[in-house]
Structure formats: C-alpha cells, structure tokens
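Below is one structure, written out as structure tokens; the observations come after it.
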Amino acid sequence: MRKPLLLFAAFPGMSMLDMSGPQTVFHCAGRRMEERGMQGYQAHTVSVRGGLMPTMEGVAIQTESLAGFALADIDTIIVPGTLNIEQAVAQSEELLAWLRLAAGQARRIASVCSGAFMLARAGLLDGRRAATHWAMCERLQALHPLVEVDSDAIFVQQDKVWTSAGVTSGIDLALALVEADCGRAIALDVARELVVFLKRPGGQAQFSTLLQAQSKDGAAFDELHLWINDNLVSGELTVETLAARASMSPRNFTRVYKEKTGRTPAKAVEVFRLEAARRMLEESDRHIDQVARLCGYGDEGRMRQSFQRNLSLSPSVYRERFRSASSFS
C-alpha cells in the first residue's frame, strides 16, 4: 500500500509559515503513524517548473516540477497564501490551470490563509462556503461573489475542499486533516509534540469583537467599547446612555457609530454580549442560566434567541461543540 501523496503547491512570494506549518504537522503525523505500523505520508513541495522558490520572507525553498507528478495518484493538495495575493494570482495562470485539473483527481484540496484566492480564481470555491484571513474576507467576496465567505471560521470543509483563515490556522487545518485520516489519538500526539491545541473548532471566531471593532476605524470608539464590555450586565446600555458616554447626541451618535463600525449601537451591544457568553461557555462550567445573567441577557431564553439568530445553534450545543481546547489535554 502506497503512502498518501501530499503536494504543497508553491509560487513566488508565498508565505513561508503557510507552507511550513502544515508541512510540520504532516511530518510529525507521518512518524506517529509509522510507529503504529501505519503508512505515513509522502510529501513534496512542487511548483510549475521546480527549482528554488522565493518566499515572502526572503527564504528560498527547493521545489519539484509539477510535470514529475503528471500521472501521480494525488491524495491532498495544499495551497499557501501571501500578503500580495492578488498579484500572485495574476501571475500564476499555469499553476491555476494545474489546480483546476488536479483538483478533480485529488481526494481533497486545501488552502491556507489567502491561498483561498487561488482556489477561488480556479473556480473551485464557487457555490461553496470558504474561509480566509479576516482582513481579506471583504475583498475575496467582492472578487468572487459566488463564494460564501465565512469571516469568522478558523477553517471550513465543503465536500473535498478545505479552506483556512490566517497563517497559523493552517496548523489547525492540518491537524483536522490528520484527525480525519487517522483518528484523534495521532492528531492529539502531534498537537502535544508541537505544543499547540488539538483544535480550535472550525466555527470558532478568528478574533474578538473588540479587535474587530478596533480594526474598523482606529480609536474612534475604543473607550466606549471597553466600557460596554465591562458593563454588559447593566440594563442601561441604551442609545441614550452610549451617546452620553461618547459625548454626542443620540441621533448623531447612532449615525456616526453605524458609519464607523458598520453596526447599529443595539447590534453592537448584542454582539459584545454574545462574545462574552461564548467565552464563558467555552472556558467555564457555569450553568447556562448563570451565563445569561452575567452577560446581561436577563434569562436563558433571551440568550438562546441571540445564539440562534447569530450562530444558528443553541448555547448548550455551542458549549458541547466549542469547549476550551484545554479540555483536550
């Protein structure tokens, strides 16, 4: 029985960590598999013509030519990303043509970070949900409207196509692929060896609501957001109260806040409560009704409505699915 063939598709200016993170996971998994008498992985880094391939960081990586694998039985293809992904895509027509052909033959294909732009340009994400780096989600959606871009997910699996979010989430993705191939025990061994969590669940948010709010428009409402986060249990998080904290009239505050953050004040309060509740459900054993009260929902019923509206699952299901990774130790 042959070892599963993994091809890491390189291109000029790719991110080195997008490539080396998953490669290290599969290397470690291969050793663990062989220790158990199983077939490991056969991994190769490939490019259109082979040879040294410069990374975004300035380190060159040796690659093999795609032509050498024309008749190969490919198990998995992994495509890294780069900061200048649109330029890389525009200069990668031969690689894109190969991806279109090879994706139909391989058992699965995956992208790391902005590598999703490569898959999208190749037509492999049309009609599918996909993840990419949070800062590039809007651009991916604009360029490829047939793709359902998930701005929260760490990684997404849609049939044989896997996509992941920013940079280090490629390790999360690779661990999930290893777990799918050979079980939780080996994936957990690899995670322990690399001193990382076995899983940050695929549906878990890429980053916090505070960070997202800060990234929208600098420091415009940073102090207000911190105050909201510290006062979620308060019943006074009205537009009038928030406007007074921002030293603005309610009408002007509502208009400016929506313009700067993309959300209404009421929606912002809901999202901050939702994130606080998610964190408590992931990291504590508090009763769900207690979590609801501590996050300002008042009762479990209101929190359940918010979870269903925003996440399409109940708080109890969320806790079961997204418990803190420390519970896997």
Side-chain angles (χ1 to χ4, degrees), residues 1-11 14-47 53 55-57 59-64 69 72-82 102 106-116 131 133 153-157 160-204 206 322-329:
M1 183 176 178
R2 292 184 178 181
K3 295 181 178 181
L5 177 60
L6 313 182
L7 297 185
F8 293 85
F11 55 86
M14 64 187 170
S15 167
M16 185 165 63
L17 186 54
D18 283 6
M19 185 73 82
S20 62
Q23 285 177 330
T24 301
V25 169
F26 282 108
H27 171 73
C28 294
R31 286 193 290 103
R32 297 292 185 179
M33 292 162 71
E34 290 172 359
E35 289 171 1
R36 291 166 167 79
M38 303 165 60
Q39 291 288 345
Y41 293 105
Q42 180 186 359
H44 298 267
T45 304
V46 297
S47 63
M53 189 60 58
T55 64
M56 180 177 71
E57 295 81 2
V59 177
I61 295 177
Q62 184 65 43
T63 67
E64 301 173 65
F69 298 89
D73 183 12
I74 303 171
D75 182 83
T76 305
I77 300 168
I78 297 180
V79 182
T82 181
R107 182 169 69 93
R108 62 191 174 191
I109 184 168
S111 65
V112 179
C113 195
S114 62
H133 191 288
I154 296 293
F155 61 83
V156 171
Q157 178 193 3
K160 65 189 292 183
V161 181
W162 298 62
T163 53
S164 70
V167 193
T168 57
S169 62
I171 295 175
D172 297 282
L173 171 67
L175 285 168
L177 294 173
V178 167
E179 184 173 6
D181 288 345
C182 47
R184 177 182 177 79
I186 288 179
L188 182 56
D189 280 351
V190 174
R192 286 171 171 160
E193 181 176 349
L194 299 181
V195 199
V196 296
F197 292 141
L198 171 56
K199 43 171 92 163
R200 290 182 293 169
Q204 203 171 27
Q206 288 192 40
F322 296 134
R323 287 300 295 265
S324 172
S326 63
S327 65
F328 297 125
S329 60

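Just so you know, these numbers come straight off a predicted model, no measurement behind them.
One distance of note links NE2 of His44 with CD of Glu64; it measures 5.5 Å at 0.5 Å rounding. We find the NE2-OG distance between His133 and Ser164 to be 10.5 Å, quoted to the nearest 0.5 Å. One finds the CD1 atom of Ile171 at 12.0 Å from the CD1 atom of Ile154 (value rounded to the nearest 0.5 Å). Atom CZ of Phe26 is separated from atom CD of Gln42 by 14.0 Å, given to the nearest 0.5 angstrom. Distance check, rounded to the nearest 0.5 Å: CH2 of Trp162 to CG of Leu177 gives 5.0 Å. Once rounded to the nearest 0.5 Å, the distance linking CD of Gln23 with CG of Leu17 reads 10.5 Å.
At least one side-chain heavy atom of Asp181 sits under 4.5 Å from a side-chain heavy atom of Arg108. A heavy-atom distance below 4.5 Å is found between the side chains of Met14 and Ile61. Between Met53 and Met19, every side-chain heavy-atom pair lies at or beyond the 4.5 Å cut-off.
Residues Met33 and Gly40 come closest through the heavy atom pair CE-CA, 4.1 Å. Minimum heavy-atom separation, Lys3 to Tyr41: CD-O, 3.9 Å. When every heavy atom of Pro80 is checked against every heavy atom of Ala9, the shortest pair comes out as CD-O, 3.0 Å. Of all non-hydrogen atoms in Ala131 and Thr163, the two that sit nearest each other are N-OG1, 2.8 Å. The two residues Pro22 and Gly170 make their nearest non-hydrogen contact at CG-O, 3.6 Å. Taking all atoms of both residues into account, the shortest heavy-atom contact from Ala187 to Leu175 is O-CD2, 3.8 Å.
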ask   = Given Met38 and Ile186, is the side chain to side chain contact (heavy atoms under 4.5 Å, CB included) satisfied, shown in steps?
value = CA-CA 11 Å; Met38 303 165 60; Ile186 288 179; 3.8 Å; yes
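Each of Ile74, Asp73, Asp75 was scored for a side chain to side chain contact (heavy atoms under 4.5 Å, CB included) with Arg107, with one residue passing: Asp75. With Asp18 as the fixed residue, the side chain to side chain contact (heavy atoms under 4.5 Å, CB included) test singles out one of Thr55, Val112, Ile78, Val79: Val112.
Checking side-chain atoms of Thr76 against main-chain N and O of Leu5 turns up no donor-acceptor pair under 3.5 Å. With hydrogens and angles disregarded, a donor-acceptor distance shorter than 3.5 Å links the side chain of Ser114 to the backbone of Thr82.
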